Amino acid sequence: IQYPYSKNTAILGLVLPLVFFLITSNNLVYAYRNGFILSWAIISLADLIFLAQFVYIFLKRFLPAMRNQVALELSEDGITDYTRNIVIEWADIKNIDMQLGRNFSKMIIDLKEETDYGKQIAISLRWVAGRDIDICNTTQAYFEEMTKLG
């Protein structure tokens with residue numbers, strides 16, 4: 001089962017830093033014209049941060065979404081989270097739960113043993129297309145099926 005990147009979330013993720021960049025750019029011009037050097041320096045830093053965020057989201061979320069690339073995959077071997085390049089084998093999972101959020105939810109995966117990621121991994125469903133509850137329910141059902149077989 002493959003879930004692609006969410007196009008809507010990717011577009012929104014691009015719009016927000018762009019809007020803040022445009023607002024602060026206007027303030028940057030005003031500060032520069034009026035000789036407010038300290039204000040100009042602070043606003044320039046904010047602009048660089050918004051620009052960096054825009055570029056990051058464009059490359060890591062928007063382009064994969066427009067190319068219909070897979071963000072989350074459930075296979076016979078385990079769960080692959082392509083948004084963070086994490087692979088979790090079914091045999092290593094103790095429990096899968098869901099943490100509901102206002103804007104997006106997370107799948108909380110409790111592991112049987114401590115790993116490089118810790119004993120618990122949270123997979124954000126923010127960038128994954130589909131209803132969060134459906135994705136989590138499908139993952140839990142897949143997990144139960146794989147543990148019966150394995």
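Computation of the quantities below employed the complete heavy-atom set of this structure, encompassing side-chain atoms and omitting hydrogens, waters and symmetry-equivalent molecules. Along the sequence shown, residues carry numbers from 1. Just so we're clear, the structure is a prediction, and the values are computed from it rather than from any experiment.
One finds the OH atom of Tyr3 at 5.5 Å from the CD1 atom of Ile135 (value rounded to the nearest 0.5 Å). Of the inter-residue distances, the one linking Leu18 atom CG with Ile23 atom CD1 reads 10.0 Å to the nearest 0.5 angstrom. Between the CD1 atom in Ile42 and the OG1 atom in Thr24 there is a gap of 12.5 Å [rounded to 0.5 Å]. The CG atom of Asn95 lies 10.0 Å from the CD1 atom of Ile109; values are rounded to the nearest 0.5 Å. Remark: Gln2 CD to Thr80 OG1 distance equals 9.5 Å, nearest 0.5 Å. To the nearest 0.5 Å, atom OG of residue Ser25 and atom CG of residue Asp47 are 4.0 Å apart.
A side-chain N or O of Asp81 and one of Thr83 form a donor-acceptor pair less than 3.5 Å apart. At a cut-off of 3.5 Å, with distance as the only test, a side-chain donor of Tyr82 or Glu73 sits close to an acceptor on the other residue.
Under the 3.5 Å distance criterion, the side-chain polar atoms of Lys106 are left unmatched by any main-chain donor or acceptor of Met98. No donor-acceptor pair closer than 3.5 Å links the side chain of Asp92 to the backbone N or O of Ile88. Distance alone, capped at 3.5 Å, places no donor-acceptor pair between the Lys119 side chain and the Asp110 backbone. In this structure a side-chain-to-backbone donor-acceptor pair under 3.5 Å is missing from Trp90 to Ile79. A distance-only check finds a donor-acceptor pair linking the side chain of Gln140 to the backbone of Ile96 [under 3.5 Å]. Looking only at distances, a side-chain donor or acceptor of Thr147 sits under 3.5 Å from a matching main-chain atom of Glu144.
Closest non-hydrogen pair, Ala65 versus Lys7, comes out as O-CE, 3.2 Å.
Summarising the local packing, NZ of Lys94 is surrounded by 12 or fewer heavy atoms from other residues, nucleotides or ligands at distances under 6.0 Å. For Gln69, the CD atom is densely surrounded, since the number of other residues' heavy atoms within 6.0 Å is greater than 12.
Cluster membership for Tyr142 and Ile108, using ILVMFWY side-chain heavy atoms within less than 4.5 angstrom, is not shared.
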